[in-house]
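These values consider heavy atoms only, across backbone and side chains, with no hydrogens, waters or symmetry-generated copies. If you're wondering where the values come from, they're calculated on a predicted model, not measured in any experiment. Residue numbering restarts at 1 for every chain, and letters A, B, ... go by the order of the sequence lines.
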4 protein chains.
Amino acid sequence: MPAANSQARRTHSGNRRDEAARLAVLHAADDLLVEQGFGALTIEAIARRAGVAKQTIYRWWPSKVEILLDTLVEDSEKRFPVPADEPTAEDVRGYLHDFARFLTDDPAGAVLLALIAEAQHNPGTAETFQRDYLGPRRDRERAMLTHAIGTGELSPALDPDAALDALVGPILYRALTGAAISPDLVNTLFDTLLNPRPT
Amino acid sequence: MPAANSQARRTHSGNRRDEAARLAVLHAADDLLVEQGFGALTIEAIARRAGVAKQTIYRWWPSKVEILLDTLVEDSEKRFPVPADEPTAEDVRGYLHDFARFLTDDPAGAVLLALIAEAQHNPGTAETFQRDYLGPRRDRERAMLTHAIGTGELSPALDPDAALDALVGPILYRALTGAAISPDLVNTLFDTLLNPRPT
Amino acid sequence: MPAANSQARRTHSGNRRDEAARLAVLHAADDLLVEQGFGALTIEAIARRAGVAKQTIYRWWPSKVEILLDTLVEDSEKRFPVPADEPTAEDVRGYLHDFARFLTDDPAGAVLLALIAEAQHNPGTAETFQRDYLGPRRDRERAMLTHAIGTGELSPALDPDAALDALVGPILYRALTGAAISPDLVNTLFDTLLNPRPT
Amino acid sequence: MPAANSQARRTHSGNRRDEAARLAVLHAADDLLVEQGFGALTIEAIARRAGVAKQTIYRWWPSKVEILLDTLVEDSEKRFPVPADEPTAEDVRGYLHDFARFLTDDPAGAVLLALIAEAQHNPGTAETFQRDYLGPRRDRERAMLTHAIGTGELSPALDPDAALDALVGPILYRALTGAAISPDLVNTLFDTLLNPRPT
DNA sequence: TCATAAGCGAGACGGTACGTCCTGTCTTAAT
DNA sequence: ATTAAGACAGGACGTACCGTCTCGCTTATGA
């Protein structure tokens with residue numbers, strides 16, 4: 001764990017961006033969100049916990065939303081990457097399970113929910129979030145689904161984007177309302193909406 | 001409509017709750033949210049626009065969330081009431097269309113999105129919102145769906161609550177991400193998930 | 001002494017200006033200036049020490065200069081009021097001695113020096129200081145001197161305003177440069193510049 | 001004059017102190033003080049305008065006060081040097097006129113006023129200013145005055161230092177309060193305080 | 001001649017204060 | 001009892017400077 005304590009004064013790197021400060025900010029933001037909730041996630045609190053000056057945060061991130069985005073992009077790639085290499089129907093199913101587990105069991109899932117929330121409150125956030133997170137992921141999800149349709153493994157009644165909304169929507173909705181997401185639900189959604197070739 | 005302007009000093013009602021003040025607050029909150037977004041929705045701004053003292057707001061509402069809830073409950077009942085009287089399959093379908101239209105076309109739809117968002121940021125809000133809005137509506141939605149299943153008109157692969165999540169989820173997800181919701185999408189979801197008896 | 005401690009939360013006066021807060025601010029500013037110098041005299045430090053919110057300071061004073069002015073006006077009137085009632089030559093002489101003593105021995109003298117200094121750095125301060133302090137005092141000093149000239153007790157070579165500058169200037173200059181001001185110096189200035197009728 | 005513009009990147013002298021940078025700093029400080037006042041005289045602003053790195057300033061001057069002192073020493077010597085070569089009474093009188101003119105008409109006079117001001121706010125500045133400016137000049141002024149007394153041209157009622165305070169004080173006081181200084185005032189002070197042998 | 005040592009522009013860093021805004025509590029005077 | 005008004009303590013906002021630091025470069029010097 002990257003120590004962000006303040007007694008051992010970090011020595012920084014002069015003219016160049018200080019990687020230790022960058023990480024300290026990301027971790028502080030993440031920790032604060034999980035431990036104390038979005039209300040406690042102020043720039044001042046992040047700076048305080050990271051042992052960093054406010055100006056250092058403002059220098060590199062326009063707002064706390066972008067900090068969260070940075071952590072989310074990293075965490076999402078780590079915890080539920082979109083299967084990209086000749087994905088099969090089972091890869092798609094597995095991806096949906098991973099997504100559900102990320103939202104309900106992973107502390108980082110809270111970041112995704114918080115960003116969706118913040119996007120409702122702020123049009124700028126909505127745009128940034130769409131551009132830097134939802135859009136790129138959707139592109140890869142669409143490619144995944146399209147491939148599995150192309151092989152004949154899946155044959156949904158909806159076009160790929162609508163099908164993805166129909167799959168992701170319910171999972172996310174249950175997460176947003178604090179409900180559990182059983183693997184059965186995911187499986188039934190998958191079977192009903194994507195109509196997989198019987199095995 | 002009760003004027004909420006400040007030049008014509010409203011005369012208030014002595015020792016009874018002032019209904020004009022109550023309405024002025026609800027309208028001010030609604031208007032501010034729609035016109036200037038959630039960021040501008042502060043107690044001070046509501047009080048200012050409503051021509052009401054802050055204390056009057058704090059006396060009757062624990063937080064701005066409850067103000068929004070009050071407006072949302074009223075507006076939802078008006079714009080897309082849950083069909084309750086022997087609802088048919090077509091009533092269910094119509095309800096989903098009304099819900100989608102509320103979210104995308106009605107200014108009051110923004111209130112629902114804002115409350116879902118705020119619920120992510122604040123556990124207290126989540127609970128209140130669930131208890132006073134989502135829960136009661138879901139009860140009536142479940143009754144509606146159960147009735148239509150009981151008559152044999154609908155036969156979903158999922159249990160009623162899961163089916164409702166599967167229908168509401170995608171619609172809400174598209175609204176949350178700012179996407180349009182075509183009637184076709186709603187129809188296809190309805191047909192795929194609820195498997196209606198062919199007419 | 002008005003307690004400015006923070007544990008015993010002051011109860012304030014609601015709708016009206018809180019006199020206790022006003023005094024706490026004035027005393028905190030005074031104390032900080034004397035104890036830690038002008039550099040430590042920040043709005044934040046005053047607020048901290050007075051146990052007062054910053055906003056309360058900004059509500060009533062445009063800047064810390066006006067806080068100092070308020071204390072200076074009060075203190076000057078108390079410590080070296082301008083003799084006003086048929087002042088004699090000896091009253092004038094005594095006034096000069098009081099002025100010298102105020103500058104060198106009284107902690108409040110530091111406030112006067114600080115304001116003269118600040119006036120050099122800030123045109124707005126210069127104007128306010130002139131209008132609210134120097135001007136009014138000079139009017140009364142001129143009246144005092146004019147009266148003593150009118151009785152024939154004093155007959156300076158300079159017009160009253162120039163004479164006052166010639167008397168005040170050296171005293172203030174020595175104070176500004178941290179030099180002591182002996183009563184002899186004041187007496188000699190008085191005798192040389194005002195040419196008093198021999199007794 | 002060495003251009004302090006930033007587009008034409010100055011080539012510096014490698015191993016040795018860069019004289020161009022030194023001058024650029026002095027001029028930038030001077031200009032900023034005159035054009036925008038003491039409030040705008042920050043190290044960052046000086047560095048910006050001089051096209052110099054902050055570190056270069058901190059390397060050679062402990063604080064902005066010393067920068068001003070450097071310019072003041074140079075300018076004072078140029079604009080109103082203390083007559084040193086067998087000064088007559090008229091030299092003394094002329095010196096006082098020069099001093100008054102420097103304070104009121106010369107942009108560099110603002111530097112002297114600013115340093116007197118800053119000395120009130122900061123004991124370190126007071127000491128440096130006394131040691132490097134006021135002290136040395138006073139030594140030469142005392143020598144000048146003593147010489148003119150020695151020749152019998154002048155016979156003040158006060159000892160030389162007190163006489164100098166009595167002359168300089170009023171002039172400076174009027175400058176500090178933004179008042180004009182007429183030659184008549186200077187002449188009368190001179191005549192009254194120094195009691196010159198009639199010509 | 002070529003390493004080395006200092007000065008330089010640049011700019012990131014941890015801090016502190018700025019002046020503004022909003023929070024939720026309180027008191028007053030009027031209804 | 002309820003209201004409009006608004007003062008209050010508190011605390012976050014985003015900005016500007018502070019004084020320190022490290023970087024990569026340039027130049028003069030002496031081994």
N/O donor-acceptor pairs under 3.5 Å from side chains in residues 113-124 of chain D, not counting sequence neighbours:
from	atom 1	to	atom 2	distance (Å)
D:Glu118	OE1	C:His121	NE2	2.7
D:Gln120	NE2	C:Leu176	O	2.8
D:Gln120	NE2	D:Ile116	O	3.1
D:His121	NE2	C:Glu118	OE1	2.7
D:Asn122	OD1	D:Gly124	N	2.9
D:Asn122	OD1	D:Thr125	N	3.1

Rounded interatomic separation in angstrom, taking CZ from C:Arg16 and C1' from E:dA29: 8 Å

Check: F:dA7 base within 3.5 Å donor-acceptor of C:Asp18 side chain: no

Please list, for nucleotides 20-23 of chain E, all pairs of protein and nucleotide N/O atoms separated by less than 3.5 Å.
from	atom 1	to	atom 2	distance (Å)
E:dC21	N4	C:Gln55	OE1	3.4
E:dT23	OP1	B:Ile43	N	3.0
E:dT23	OP2	B:Ile43	N	3.3
E:dT23	OP2	B:Glu44	N	3.1

Whole-Å distance separating the CZ atom of D:Arg49 from the C1' atom of E:dG9: 19 Å

Whole angstrom value for the distance that separates P of F:dA16 from CD of D:Gln36: 14 Å

Derivation of the side-chain contact (heavy atoms from CB on, under 4.5 Å) call for A:Thr128 and A:Tyr133: CA-CA 8 Å; A:Thr128 305; A:Tyr133 185 79; over 6 Å; no

Under-4.0 Å salt bridge between B:Arg49 and B:Glu35: yes

Nearest to side-chain heavy atoms of A:Ala53, which nucleotide of F:dA7, E:dG14, E:dC8: E:dG14

Reported CD1-to-CG distance for the pair A:Ile46 and A:Leu33, which is rounded to 0.5 angstrom: 9.5 Å

Flag side-chain contact, heavy atom, 4.5 Å: C:Glu19 against C:Arg22: yes

Short side-chain N/O contact from A:Thr56 to OP1 or OP2 of E:dA12, under 4.0 Å: no

Value in whole Å for how far the C1' atom of E:dC8 lies from CD of D:Glu19: 15 Å

Closest contact, heavy atoms only, C:Ala24 versus C:Ala50: O-CB, 3.5 Å

Atom pair distance, as rounded to whole Å: CG in D:Asn15 and C1' in E:dA6: 5 Å

Atom-pair distance (CH2 on D:Trp61; C1' on E:dC8), nearest Å: 13 Å

E:dA6 phosphate, OP1 or OP2, under 4.0 Å from D:Arg17 side-chain N/O: no

Upstream residue (5' side of DNA chain F) when D:Pro62 and A:Pro62 are each assigned their closest nucleotide: A:Pro62

Atom-pair distance (CD1 on A:Ile46; P on F:dG14), nearest Å: 11 Å

A:Arg59 side-chain N/O to E:dC13 phosphate OP1/OP2 under 4.0 Å: yes

Atom-pair distance (CD1 on B:Ile67; P on E:dG24), nearest Å: 11 Å

Phosphate-side-chain proximity, C:Trp60 and F:dA7, N/O vs OP1/OP2 below 4.0 Å: no

Residue D:Ala21, side-chain atoms from C-beta onward, closest of F:dT29, E:dG9, F:dC8: E:dG9

Expected list for residues 62-71 of chain C: side-chain donor-acceptor pairs under 3.5 angstrom, two or more places apart:
from	atom 1	to	atom 2	distance (Å)
C:Ser63	OG	C:Val65	N	3.2
C:Ser63	OG	C:Glu66	OE1	2.7
C:Lys64	NZ	C:Leu41	O	3.0
C:Glu66	OE1	C:Ser63	N	3.4
C:Asp70	OD2	C:Trp61	NE1	2.9
C:Thr71	OG1	C:Leu68	O	2.9

